[in-house]
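A short worksheet on the structure shown next.
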Amino acid sequence: ASLTLGHVIAHALFHPSTAGGTLSDGQVDVNGHRYANKMVGTLHACVLAFVAVRCFVTTGFDLRAARLLEVPPLEHLTVGLMLVYLVYDTCFLLWRFFVLAPSRGAPERWTFGEHTLSVAHHLLGFVSWWLIYGGTGGVYWAQCIHLAELSTPLLNVRWIMIKEGITSGPLYLAGSALFLVVFFLSRIPTTAVLLYYMYMGVDKWPSRSIAWFQFMVTLSFWGINLIWFRGGMKLVLRALKGKSGKGKKEE
């Protein structure tokens, strides 16, 4: 409860009307809340990525099933932090779409990439991380997924650039290219390696049904990231051809 309240307070503090900032596209309140959400997401991602990298440096990401049921305190705490963030971010997305945007005269269009995949990603992730947090195994494996958060700050910087009208040129292309490289390296091959170890260690889980559920959730996570990566590549190629991209999925 305190972590959830902390996310809400951080959101309020990051809102431009509180921080004294401004946005340039006229939808000040809607975009102000989206900006706050991005800043909370960036702070959250930095914490999780730092612990995940630390875990990699200190333990080498030992993904062998023999360590399946270990519960290192700091890594276990980040699993709980991810649970809270998934609730916060899902509630914000739905509130923004169904309440905030329509009430400000700026209704959004529900899209597969930004809305459907994000909600599916968050709901599946919540159930998966809840099981891990509850002691069914996989805290070290969760850290491998937390490496994906390395790309989140770059995604949010790119979102701000687009909202400020920077949708082409060297700065936009460099930022987009860096984001895509980090996104690919932190999400695609790392998750593929994790899937291999999960498949090889299925019989070591206390519950075979939970083992297969976690494997299928991770496989879905991998597939969603492949779709998002493909969408990002299209936008960069469009920019290279001189067309203005309008943004990628909101993570």
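Heavy-atom basis, side chains included; hydrogens, waters and symmetry copies ignored.
- Paired with Phe97 under the rule side chain to side chain contact (heavy atoms under 4.5 Å, CB included), one option of Glu114, Glu108, Arg109 passes, and it is Glu108.
- The closest donor-acceptor contact from the side chain of Glu149 to the backbone of Cys46 lies at 3.5 Å or more, if one exists at all.
- With a 4.5 Å cut-off on side-chain heavy atoms, Leu147 and Phe56 do not count as touching.
- Listed by chain and number, the residues in a side-chain contact (heavy atoms from CB on, under 4.5 Å) with Val47 are Leu81 (sequence neighbours excluded).
- Taken from CG in Leu48 to CE in Met82, the straight-line distance is 5.0 Å, to the nearest 0.5 Å.
- For Trp205, the ring-ring contact (aromatic ring centres under 6.0 Å, His included) partners two or more places apart in sequence, or in a different chain, are Trp141.
- For the side-chain contact (heavy atoms from CB on, under 4.5 Å) test, residues two or more places apart in sequence or in another chain that qualify with Leu154 are Leu178, Phe179, Val182.
- Of the possible polar contacts, one joining the Ser151 side chain to the Ala148 backbone as a donor-acceptor pair under 3.5 Å is found.
- A donor-acceptor pair under 3.5 Å is formed between the side chain of Ser176 and the backbone N or O of Tyr172.
- For the ring pair (Phe, Tyr, Trp, His ring centres under 6.0 Å) criterion with His146, the lone passing option out of Phe50, Trp129, Phe221, Tyr140 is Trp129.
- Glu75 contributes no side-chain N or O that, together with a main-chain N or O of Cys55, makes up a donor-acceptor pair within less than 3.5 Å.
- Annotation: the span from Thr42 atom OG1 to His44 atom NE2 amounts to 10.5 Å, rounded to 0.5 Å.
- Formation of a donor-acceptor pair under 3.5 Å by the Thr191 side chain with backbone atoms of Ile188 is not found in this model.
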